[in-house]
2 protein chains.
Amino acid sequence: MSTNYFIVPEKDHNELVSAAYAKRGFLKDEADDAARFCAEAARHGIRTHNAIKALHLDEFLGSGSQGCVPGAEIIEKPSRFRAVKIWDAQKKLGQSTAYRALEECIKLADTYGVGIVAVDNAFHYLWGGGYMIEAARRGYIAYTNCTAALAEVVPFKGKFPTLGTNPHSWGFPTTDAVGFPIVVDWATSVVAMGRVQQFRREGMTLPPDAAVDEDGNVTQDPNKASSLLPFGAHKGYGLSLVNEIVAGLIGGSLPTLRSCWTPEDDGEKRTPCFFFQVIHPEAISSGVFAKGRDQAANIKAVIDDILGHGNEGCLLPGQMEADAAKLTDEHGGLLFSEAEIEAFNEMAVECGRPAWILDNLKQISI
Amino acid sequence: MSTNYFIVPEKDHNELVSAAYAKRGFLKDEADDAARFCAEAARHGIRTHNAIKALHLDEFLGSGSQGCVPGAEIIEKPSRFRAVKIWDAQKKLGQSTAYRALEECIKLADTYGVGIVAVDNAFHYLWGGGYMIEAARRGYIAYTNCTAALAEVVPFKGKFPTLGTNPHSWGFPTTDAVGFPIVVDWATSVVAMGRVQQFRREGMTLPPDAAVDEDGNVTQDPNKASSLLPFGAHKGYGLSLVNEIVAGLIGGSLPTLRSCWTPEDDGEKRTPCFFFQVIHPEAISSGVFAKGRDQAANIKAVIDDILGHGNEGCLLPGQMEADAAKLTDEHGGLLFSEAEIEAFNEMAVECGRPAWILDNLKQISI
């Protein structure tokens, strides 16, 4: 079954999304960061974190709630440690904070070989993989984790959701080796809550060990599912704890209160934290690769070995995103479904901008 | 069903293990590092990596093969990056290399906030969690990964084993918060090959999606199982790739050749790589924790929240290891089964040392 997509020039998309953010009080540079990141998500086929979703998130958890403050200034905390920065983001837009953290990590990595930026009082950065693709494209090894907005995941052998979907994302400079950055990027739950809702709508059965009902019993019925489970039993649980502990060391507070804003200040913090790290690939290179290869040729040889011997059908993490980006390039614009175009047009009405006329957009079927 | 254990004073254990390593040509300090690490494994209940296993490994893949060279000197490669060191271990004993890498990371983290040591031409460091417990006990955040000795794991959707069991280990300075270091430490396969052999011996069925037969078909029959699968489908596969790519950037070569030594040098490298990283917890602390808590009190509050609300029965990663260490403390020595004592006594005969007389050892039943 093929789907129809409409091609929207990136410039048109970015102008509209930037206007929508500006309408909500964000500064020009914040609105542009938001638009740029949404374009990256759309380019790489990440429909769960495109502009439509980003603006929803801002409405319910961000500037429409108490989670995000347009125009907030990041405060750098004093520190005696030269390769690590600690920032209080003061609830600045997540995409702007994350882009700046990444730039700072790259600057530190250029000098020290590694750079870390830990961010307190942050707001949702949407899709960790996007920042990792950016770093990897520029030739760096990168890693990020954050604490997710809501406590939706039950600890291994537990009953009640006290953990976020807490994602981890790694990016590697493998474009010379395999044609695109290898990006390992996922949440620590088996599925996301949005997927449970989709299964509910479509009358489908959940995968085993993905969700529990209100009493904490495992269920495959999406209508009974109320919380999620970590992937890989105790292993995914441990990975989710990593984010909470790192955030707790940075300055984050109780996961079950996160994003649950109260009218009055009770002294608790409800913001997520970010952890960003970049490593310069030369800093970890011994310089001695078998058969006189250079670093890129060596990675190619390693990947060829892994995906050889009958494993030729396996995908590399990041490959689907790279394929989506290729489509975008080929068609000269971002791909959106008809329903998505309609959502953009509602956005346009709100900002007093002209709607996109379907008949005027180039159309493809995939 | 309870098991009988014999209590061996740590000093006696370390003298014997050190003598066994010295007998194989290792220098005094290497043999002592090996003994110290084996004691740590035994103390924390890690029976898969105690002295008996360590010496087996050295025989089959280490100094008894071409994988490890007693007395080898680590070469530090020149680098312009101040917070990252790159070492050529020249196949030095894994435990000695890993302990030194950890010390160097701590030194770098004290100055820069973060320190990394990447190690090329390494030999098996046995149990990543052991180094993480050490760093965490001393108040640091630590992480390590390595490429495992053998390619036993099939990539997600693949047929042929081209990946190692490639472990990841994180350690956190949580002793003040929860009484012990939280240590997340596991291989990226569902089970280890030793576990498949155990299931075979005991006539048990493997967990689903843990192993494949010779044709690459998933099997729960341990007699048919020839290779392992990554945990959590594409997620564990991605985590395993992280180790191979990091190793490939450091200087590691084809995973399917690893540890497969040939009589003649064909220009390929067959050694694993290590990646060690330590972060100073002050470097990522915003200093502002809710309700005036300090960093340790904040971690305690976060963990209490995660393990509250009906989740009181959940374990923290590292808790079982901490409980084992408590038993060792209480009984004033390392706990070994009768079969293990017999294996140590064979070791003693080989080194010309007196055997341990079972009747002379304190005995407990657990």
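Chain naming here is simple, since letters A, B, ... match the order of the sequence lines and numbering starts at 1 in each. Predicted model only: the values in this text are computed from it and were never measured.
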Could you tell me whether B:Glu268 and A:Arg293 have a side-chain N and a carboxylate O separated by less than 4.0 Å?
yes
Whatever's closer than 4.5 Å to a heavy atom in chain A on B:Ile116 counts as side chain
- Would you confirm whether the ring centroid of B:Tyr112 sits within less than 6.0 angstrom of the ring centroid of A:Tyr112? yes
So, the part of B:Val190 with a heavy atom under 4.5 Å from chain A: the answer is backbone
Report task. Could you check A:Ile284 against B:Val84 for side chain to side chain contact (heavy atoms under 4.5 Å, CB included), going step by step and ending with a plain yes or no? Result -> CA-CA 7 Å; A:Ile284 63 164; B:Val84 181; 3.9 Å; yes
Turns out that what part of B:Leu241 lies under 4.5 Å from chain A's heavy atoms comes down to side chain
By residue number, those in residues 271-279 of chain B with heavy atoms under 4.5 Å from heavy atoms of chain A are B:Phe275, B:Gln277, B:Ile279
Under 4.5 Å to a heavy atom of chain B? For A:Asp120 that would be side chain
Please assess A:Thr162 against B:Asp305 for the test side chain to side chain donor-acceptor pair (under 3.5 Å), listing each intermediate value before the final yes or no. CA-CA 7 Å; A:Thr162 55; B:Asp305 190 38; over 6 Å; no
Bottom line for B:Ile250: the part with an atom under 4.5 Å from chain A's heavy atoms is both
When the 4.5 angstrom heavy-atom criterion is applied to A:Arg80 and chain B, the contacting part is both
Assert top hit (heavy-atom pairs under 4.5 Å, partner chain B, pool A:His168, A:Glu282, A:Lys77, A:Lys85) equals A:Glu282
Okay, B:Ala177 and chain A: the region with an atom under 4.5 Å from a heavy atom over there is neither
Applying a strict 4.5 Å limit to non-hydrogen atoms, the region of B:Asn121 in contact with chain A is neither
So, the part of A:Ile245 with a heavy atom under 4.5 Å from chain B: the answer is both
Cut-off 4.5 Å, heavy atoms of chain B, and the answer for A:Ile141 is side chain
Whatever's closer than 4.5 Å to a heavy atom in chain B on A:Val184 counts as side chain
Whatever's closer than 4.5 Å to a heavy atom in chain A on B:Asp185 counts as neither
